[in-house]
Asks: 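Just passing along the structure, written as structure tokens.
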Amino acid sequence: QYQGLFGRSTNEVLQLYSAHGQQQTLQRNSVVTQLHRAIQRLKQDLKSLHSFALELSKDFQHQCKTYLYQVLTVVQRLQLQNEAMQSKAHRSCISDIGNIRVHCRIRPLLPFDTAAGHTVPQDRQRNISEKVAYAADDETVLVKCNRPGHTSINKTFQFERVYSASESQDTVFADVAPLLTSLLDGYNVCIMAYGQTGSGKTYTMLGPQLEKNPAFFTEDESELGIIPRATQEVFRLISEKPPGSYWVEVSVVEVYNNEIFDLLAKDSCGRVYGVKRDVVTTREGKSDVPLLTYETVENASEFLHLVKKGLQLRVRNPTLVHAHSSRSHLVVTLTITTTVYGDNFGISWEDELTSQKLNKEVSCTVPQKIRENKSTFSSRASSPASSETTEKLKQIKARLQLVDLAGSECVGMSGVTGTALRETSFINRSLAALADVLAAIAEQRSHVPYRNSKLTHLLQDAVGGDAKLLVILCISPDQKYLAESMQSLGFGTRARQVQRGQVKKKNLSVPSKAK
Ligand code: ADP
Ligand code: MG
């Protein structure tokens, strides 16, 4: 370039320089413009990157939520499956094992534990309560055996379930409820409370008695015992079945001084009074009480009304251990009856032909009340049904026996004399007979001495293996009742070991309404 300027005039050189400068300015301007555009594009890219990142994060959050929800759903489903499996296992455990289930309930220390000082022999008298029986865990009872002058020994007893003093009526009933499902499935069920007077048998079976009238029980729902709760649950379960497919009867019996009293029998004026009945063995080898009053009931309150009526007749003679001690065994029986088609128990009640067959047969077997139930036994009852099909219909009964046993304390301990002593000795004999029966079954002896006592004869089918039997041991935790508590715990331990073979199921199942 400079060589090209050689020999040119200054003017020409200046012109050339100026042209060159302009060109450079132009070039620079275009570079700046390009840079500006690139910056704009970058900014644009950055913006879209930013919004993309935002969208991505939103999307990520959404997906996280979806996955979390899916995981939660799966976890919930697994939990439900697990619970269902557990309750199924629990039920099959109750249904398949013929063993007697034993639960143990330790009541709290109560004011009368100290007040009743004169009811125990001199050497056992104490003015302060001392708790010696505890629930070590929900299957173990721990008893501190501390006699003066001896080193203290701790003894433990295992049961299917142990309730501590703080466990509620609700908790106790939760373990009983599966048995009621079994009842509707066709098993006989028997629940009995065993323990010394004042240990909580009546509290557990019925609920706290009213001070003014011991035949009446609390109205407080949370305090209700097994009998009212079980009745409500049975009627709730029945309500899930086709209407009219089951009906319920109640009987209330007392075993007092080795005599059986029908607490629902009425005199000619309709007043309830206790009539003596007998217990017999039927040709099928079952125990039966001929002429026993069975009242048909349609709901839990009708049922409980009859139980209360019966309770008012219950023979009582307060011992010094506890003012409202019951000196008799109380057996409340709830019988469920249904009619099923002989060979095919899995029938659907909606099935046209079956309904016709049932309508015909049921109309001559069920009580008037049930027959009037139009929703079940509809106008189809008049439709022709062939006579040979009706022969296969069967009426099936399952029984729930709820037993509040009399106190198991030792004779001489309760400070009783005369009539009361006679009662106590009858009670002890009947409870000893119960223990003998269990021992005979446990040893698989050919002869089981059911007939040694009216109590065991009456409960023969429940104790002997035809029913699912739950014994609830009731324990007073105080030191002064140690001997009685140990006796009850021993009874429960032996009862648990009794192998009765398979519990039989009656084919009672009617498909439930909800499909
Ligand atoms: P039992 O029928 O064995 O003779 P009760 O059921 O009458 O004994 O109980 C005696 C007393 O103890 C009653 O006043 C009852 O209310 C009370 N009681 C029993 N068990 C409990 C418990 N788990 N919690 C509170 N009070 C109880
Ligand atoms: Mg009682």
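Atoms within each ligand, like the ligands themselves, are counted from 1 in listed order.
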Asks: Report, in ascending order of atom number, the atoms of ligand 1 lying under 4.0 Å from any heavy atom of Thr197.
Replies: 4 (O)

Asks: For ligand 1, is there an N or O atom under 3.5 Å from any N or O atom of Arg107?
Replies: no

Asks: Excluding sequence neighbours, so at least two apart, what forms ring-ring contact (aromatic ring centres under 6.0 Å, His included) with Tyr163?
Replies: His103

Asks: Does ligand 1 have an atom that lies less than 4.0 angstrom from a heavy atom of Phe112?
Replies: yes

Asks: Using a 6.0 Å cut-off, check whether atom CD of Gln497 has over 12 heavy atoms from anything other than its own residue.
Replies: yes

Asks: Say whether Gln196 and ligand 1 are in contact under the criterion: heavy-atom distance to a ligand atom below 4.0 Å.
Replies: yes

Asks: Hey, which atoms in ligand 1 end up nearer than 4.0 Å to a heavy atom of Gly198?
Replies: 1 (P), 3 (O), 4 (O), 8 (O), 10 (C)

Asks: Could a heavy atom of Cys474 be found less than 4.0 Å from some atom of ligand 1?
Replies: no

Asks: Please indicate whether any nitrogen or oxygen in Lys201 is less than 3.5 Å from any nitrogen or oxygen in ligand 1.
Replies: yes

Asks: Got an N, O or S from Thr197 under 2.8 Å of the Mg ion (ligand 2)?
Replies: no

Asks: Which residues pass the salt bridge (charged side-chain N to carboxylate O under 4.0 Å, His left out) test with Arg451, not counting sequence neighbours?
Replies: none

Asks: So which bit of Pro108 gets within less than 4.0 Å of ligand 1, heavy atoms only: side chain, backbone, both or neither?
Replies: side chain

